[in-house]
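Here is how names work: the chains are called A, B, and so on, in the same order as the sequence lines, proteins then strands, and each is numbered from 1.
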Amino acid sequence: MIIQIIISGIIMGLIYGLVATGLTLTWGVLDIINFTHGEYLMISMYVSFWLYSLMNIDPLLSLPIVIIVMFIIGYLTYSIVVKNVINAPALSALLATFGLSLVFRNMAQFLWTPNARFITNSVLSGKKISIGSIIIGYPQLAAAIGSLVVIYAIYYFIEKTKVGKSIQATALDKNTAKLMGINTERVFGLTFAISGAAAGIAGGLLSTFYPVYPESGILYALIGFVIVALGGFGNIKGALYGGLIIGLSEAIGGYYLGTQFKYAIIFLIYLIVIQIKPKGLFGW
Amino acid sequence: MKRKKWLSLLSLMMVIALMITGCTTAEPVASEEPVVEEEIVVETVKIGAIFPLTGGAAATGVKLKYAVETAQEIINGEYPEIAFPMAENAGLENLDNAAIEFIFGDHQANPEIAKSETERLIQNEGVVGLVGCYHSSSTKPASATSERYMIPFVAGSSSSSALTERGLNYFVRIAPHDGMETEFFFEYLKNLNENYDADVKTVATVYIDNEYGVHANMMVDKWLEEVYGEEGFERILDVKYPSDASNVDTEVLKIKEAAPDIIFHASYINDMTMFANAYQLYEVQPKVVISYCGGFQDQQFLINLEDAANYYSGSNQTIPAIIAANEALSKANEIYKAKSGVDFDGPALEDFASAMVIAEAINMAGSTDGDAIMEVLKSEEFKAPYFATGKIKFGEDGQNEFSASAMTQIIGGEYQNVWPGEDTTSDPVVAFPDWSTR
């Protein structure tokens, strides 16, 4: 049973890691806590659901559409809302994204009702791998593998490409980056767009096994915040390892200490880590 | 100059803060001044209705709102074809045919907000009665607040038995409480063992970490200790899960390891559906899964899970087959369905009943005075043709003495009434078929 618990923890950890990756980018580069991140997840789940429900496009096949939609929504969030408050006191940006998250959530309830919806007949639904007593669902497996691939792709993009290096430079020192000829406005917009796209992929993959409803992104985003603080702000590797630590703690801790404590365990770990390393495990 | 502006602003804020504090802490005080009787023509009687209209339980809350709106439409309109009390004539006859208006509050599944919404409805809106709140955890502070203001509170679907154990004078409840439901579950299980050779003994309780779930679990303890433990039932596992869960894998794997014959679920629709999906994924194979009054009863459970919803069971005030057999209820259901898109389910019918009963009590009292309304609520027997029992009578503690559910099970993609009595629509299916064959 413990192997099954560990596998379940790793799967959830990878998904958490992808959610946190988008969040850590905006937090690390723009120094902004983006409360809309959970709603990006929710909107992408709805996009997947409606493409499946109205046009019969499987969530796996609709992923490119979801990525484009969320890339645009991420960019628009920056250019319409965040851009105007980026130089204002930190509380302004925080309240702006918080307000936007409420708008998105209430819009979703107004447009699509609060009913939870499930995608029950995707190509992955109901399929699973059984190895002895270990069972892994295809939707969960696809979400875990997809998350790992996307986290690596974003990491590669940030670390190895010229645009990625300009994002890193802007994160380190915005003014110096400007002096070096980097268009920091564009970098900020791109960062938000990538963050939205990352949440979009996570949402698209989650929609194959998690209920789609207006509040569906909140808990994931909350866990994402903890992971970012745990792994280190702006650190993608930190988001991945932080996600795995949280996923495993939730599963193993919940199993042995009581399922009612599984989220309390996460926050306890977070509190302990920030006492020892205030900038997170991989922060600098 | 700038400093002066800030000081002015600060003073203004302090005045506003004092005014707000003054508003929120005001207690109802009996006036010593002699009351001058004036004849006031009441045009609209306002009643508060508090439900989770946003947040994680909004899907259910919005349906309950539609149920209350259905009652309002029937009371305020003329529906002689619906043989319910208050349906034939428009408005409250004894109050010059005054219309009823339900003013809604949203508690977002948060007890603190339930309390403040109750205060808002009483103080700002001037409601003379209250219904709600679905979540027992919200009904508790809301009804405690209404008690302070001596405003009658009729709870529809809140099930925690603790609600009617507090000795409140202005609180009554329509639905059976979780103590009654738990006894009903065990009697049903005995029936399965005696008449269907089910051989079910071991019980796991799976419950959400709030008033509703924790109290339901306590009732299982109580009944096992007092009665059913001696009859061979044994609890082998209890799984309490957080009220918001990103996944329920750990919970389900614990259940799989314990392999109980019976699972009692005290859950809501979203988590119940996640559990059902995880049972299928991890091939958890109980013989019987019975739900308290949340989750399974919502028809969205069947819509979302399709065939995988088969064989789950739970107590229920109504199902489509029962509605179809009751002409008046069918007509009321048409009004409800036009709003909600689905048929009445158990909790929706209970909250519909709460709205009908408080309106009838106000009408019988011929007054909007809280004491007069409570006098009627506590002394009268109300006709309730929409329920199988046909009537509602509140006992000393405020619990409806005629609340009774049917055991229902999803069989062949439809809710069936499987026990007790002669009105059953199907025999129960005892064991979940092997998942590999489904």
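- Most heavy-atom pairs under 4.5 Å with chain A: of the set B:A245, B:S243, B:A57, B:A308, this distinction falls to B:A245.
- For the atom pair CZ of B:F301 and CZ of A:F118, the computed distance is 9.5 Å after rounding to the nearest 0.5 Å.
- For a residue to count as touching a neighbouring chain, one of its non-hydrogen atoms must lie under 4.5 Å from one of that chain's; by this rule A:Y255 touches chain B with backbone and side chain alike.
- For A:E215, the part sitting under 4.5 Å from any heavy atom of chain B is the side chain, from C-beta outward, and nothing else.
- Heavy atoms closer than 4.5 Å to chain A are found in the side chain of B:N277, but not in its backbone.
- Residue A:M107 qualifies as open at atom CE: its count of foreign heavy atoms under 6.0 Å is 12 or below.
- For a residue to count as touching a neighbouring chain, one of its non-hydrogen atoms must lie under 4.5 Å from one of that chain's; by this rule A:P214 does not touch chain B.
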Intermediate values then yes/no, side chain to side chain contact (heavy atoms under 4.5 Å, CB included), A:R105 and B:T54: CA-CA 9 Å; A:R105 216 181 302 153; B:T54 59; over 6 Å; no
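- If you measure heavy-atom distances from A:T120 to chain B, the contacts under 4.5 Å come from the side chain alone.
- Using a 4.5 Å cut-off between heavy atoms, B:L53 contacts chain A through its backbone alone, with no side-chain atom that close.
- Rounded to the nearest 0.5 angstrom, B:K240 NZ and A:K262 NZ are separated by 14.0 Å.
- Of all heavy-atom pairs between A:L219 and B:D244, the closest is CD2-O, 3.6 Å.
- In this structure, chain A has heavy atoms under 4.5 Å from both the backbone and the side chain of B:E251.
- Among the candidates B:D298, B:L281, B:L305, B:D249, the residue making the largest number of heavy-atom pairs closer than 4.5 Å to chain A is B:L281.
- The two residues A:K128 and B:Q280 make their nearest non-hydrogen contact at NZ-O, 2.9 Å.
- Contacts between A:I223 and chain B at a heavy-atom distance below 4.5 Å involve the side chain alone, from C-beta outward.
- Between B:K256 and A:Q4 the shortest side-chain heavy-atom distance does not fall below 4.5 Å.
- Within a 6.0 Å sphere centred on CD of B:E112, other residues, nucleotides and ligands contribute 12 heavy atoms or fewer.
- Across all non-hydrogen atoms, the minimal contact from A:G254 to B:K254 is O-NZ, 4.1 Å.
- Counted within 6.0 Å of CD1 on A:I3, heavy atoms from surrounding residues, nucleotides or ligands total 12 or fewer; the atom is thus considered open.
- The neighbour count for A:F35 CZ, taken as heavy atoms of other residues, nucleotides or ligands under 6.0 Å away, is above 12.
- Between chain A and the options B:I269, B:D209, B:T273, the largest number of non-hydrogen pairs under 4.5 Å is found for B:T273.
- Nearest approach of B:P242 to A:T259, heavy atoms of both residues: CD-O, 3.6 Å.
- The environment of A:F98 atom CZ is sparse: at most 12 non-hydrogen atoms of other residues, nucleotides or ligands sit within 6.0 angstrom.
- When all heavy atoms of B:N270 and A:A116 are compared, the pair lying nearest together is OD1-CB, 2.9 Å.
- In plain terms, the two heavy atoms of B:S246 and A:Y16 that are nearest each other are OG-OH, 2.5 Å.
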Check against side chain to side chain contact (heavy atoms under 4.5 Å, CB included), B:M274 and A:F209: CA-CA 9 Å; B:M274 280 207 291; A:F209 64 95; over 6 Å; no
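- Heavy atoms of A:F261 lying under 4.5 Å from chain B are absent altogether.
- B:N247 and A:E250 share a side-chain donor-acceptor pair at under 3.5 Å.
- No more than 12 heavy-atom neighbours from other residues, nucleotides or ligands sit within 6.0 angstrom of OH on A:Y241.
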